[in-house]
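Right, one structure below, let's go through it.
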Amino acid sequence: MTIEQRRSIVTAIPGPKSVALQERRTAAVAAGVSSALPVFAERAHGAIVVDVDGNQFIDLGSGIGVMTIGHTDEAVVAAASAQLAEITHAMFTITPYESYVRVAELLAEHTPGSWAKKSVLLNSGAEAVENAVKIARHYTGRAGVAVLDHAYHGRTNLTMAMTFKAMPYKTGFGPLAPAVYHVPGSYPFRDGLSGTDAAARTITYLEKSIGAKDLACVVAEPIQGEGGFVVPAEGYLAALQEWCTANGVVFIADEIQSGMARTGRYFASEHFGVEPDLVLSAKGIAGGLPIAAVTGRAEIMDAPHAGGLGGTFAGNPVAAAAAIAVFGEIERRDLLAEAGRIEGILKPALLELQKSYPIIGDVRGIGAMLAIELVQPGTKDPHPAAVPALTAFAAQHGVLLLSAGTYGNVIRFLPSLAISDELLREAIGVLQEGFASL
Ligand SMILES: *Cc1c(COP(=O)(O)O)cnc(C)c1O
């Protein structure tokens with residue numbers, strides 16, 4: 001089913017049907033599950049989401065970077081539908097099937113590094129992070145896990161311990177998993193450090209406060225997601241990886257948000273010249289179906305004993321078929337280049353907005369993973385209050401915008417690579433009106 005790629009607001013936002021659903025939701029759904037907007041989605045295609053009241057929104061969030069190749073992509077729908085009717089579940093640990101193997105082959109081909117690679121497939125990003133840590137611990141015989149300030153790695157017990165922000169992710173949910181160490185990373189807008197200096201600071205923490213001999217892995221997002229689309233200074237990641245290699249520490253790139261073509265390369269690590277030992281993928285990999293992966297050096301991946309990795313639904317055939325279709329569409333439609341097209345329109349527009357609105361302290365990101373950080377004009381003090389004002393304005397005018405950031409003062413742009421120039425420009429126009437209305 002296709003939907004006209006057009007913005008159209010026909011009711012108040014939220015509309016009457018959304019308001020009625022919100023009442024049912026409040027009565028039936030746990031309060032701990034929040035939603036950015038009280039607008040209920042009904043259908044979507046390409047870069048447009050249609051709500052239950054018939055309003056059409058330009059989607060600049062893509063379900064947090066999941067619908068990278070576009071909503072209800074024809075190839076994904078066809079592949080998943082066909083697979084659904086063939087075999088819906090087999091459980092790879094009982095009777096294996098080809099699609100799981102094919103996804104592993106495609107990941108081996110497209111992740112950085114030319115060495116022999118293997119994968120394990122899972123259901124969610126957090127599960128990929130958990131399994132990467134299990135594998136690194138088994139391989140090294142060490143327990144310690146180092147993560148960077150402002151990191152986001154998930155909501156399970158281990159991954160919430162690895163996530164930086166206490167509220168809402170950790171507060172009240174302890175005790176947290178042990179042997180997780182938070183070390184400073186590289187946040188050029190805030191720390192002003194070169195990549196070399198930021199890496200030296202990180203390494204001092206790793207060596208002095210943890211000690212390499214007790215460290216199984218360092219886990220880093222090449223471009224931080226929830227933390228505010230923080231792009232590390234040049235040379236930072238390469239220096240960090242070099243230290244890991246020299247010290248027998250597994251270097252793990254959490255590419256769950258930054259991977260799968262979002263930045264114009266299959267994996268953002270490539271922009272920084274790093275070839276991680278293990279690479280994690282999830283969000284954009286299967287056009288919205290739940291599947292995740294740990295991919296990396298065969299000798300590390302093979303460390304755990306048979307039966308040590310897996311899960312009932314992990315690597316589900318329908319999700320695997322969708323993932324194969326996503327890889328196919330990235331190639332067939334040259335979607336890596338589309339990320340550059342989007343950056344070419346959006347980034348200059350954001351820099352132009354910054355000239356008129358000094359509340360925009362920083363414009364950053366790569367490809368179709370861009371953000372603005374809002375500050376009190378003339379300072380670097382976070383301005384979180386402006387974010388809900390802008391996202392609410394955008395929603396009222398038919399544009400879905402997402403927030404991010406440790407300080408809640410970042411607006412992130414994760415449009416589908418299928419978005420047209422025209423829709424993107426229209427959304428930028430709404431954003432500009434939003435700034436004018438502040
Ligand atoms: C979303 C995300 C996760 C967690 O993925 P889930 O599928 O929500 O468990 C982990 N790491 C990063 C970088 C993410 O963006």
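The first residue of the sequence shown is numbered 1, and numbering continues consecutively from there. Just follow the structure's listing: the first ligand is 1, and inside any ligand the first atom is 1.
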Practice item. For atom 5 (O) of ligand 1, state which one of Gly227, Gly65, Ala404, Gly125 supplies the nearest heavy atom. Key: Gly125
Check your understanding: Heavy-atom distance to atom 10 (C) of ligand 1: which of Lys283, His153, Glu221 wins?
Key -> His153
Check your understanding: What closest approach, in Å, do Gln5 and Ile3 show between heavy atoms, and which atom pair accounts for it?
Key -> NE2-O, 3.0 Å
Review point. Under the criterion salt bridge (Lys or Arg N to Asp or Glu O under 4.0 Å), which of Arg190, Arg412, Lys380 is the partner of Glu373?
Key: Arg190
Review point. Side chains of Glu255 and Ser269: do they bring a donor and an acceptor to under 3.5 Å?
Key: yes
What are the atoms of ligand 1, with element, lying closer than 4.0 Å to any heavy atom of [X]?
X: Asp254; answer: 10 (C), 11 (N), 12 (C), 13 (C)
X: Ser124; answer: 7 (O), 9 (O)
X: Gln257; answer: 15 (O)

**Study point:** Protein contact to atom 4 (C) of ligand 1 [nearest heavy atom, distance to 0.1 Å]
**Key:** Ala126 N, 3.7 Å
Review point. Would you say the side-chain atoms of Arg7 pair up with the backbone N or O of Phe57, donor to acceptor, closer than 3.5 Å?
Key: no
Review point. Phe327 and His110: ring pair (Phe, Tyr, Trp, His ring centres under 6.0 Å), yes or no, with the steps?
Key: CA-CA 9 Å; Phe327 276 104; His110 292 293; 5.4 Å; yes
Exercise for review: Tell me whether the guanidinium CZ or amine NZ of Arg201 lies under 6.0 angstrom from the six-membered ring centre of Tyr236 and within 45° of its axis.
Suggested key: no
Review point. Considering distance alone, does some N or O of Val129 sit under 3.5 Å from an N or O of ligand 1?
Key: no
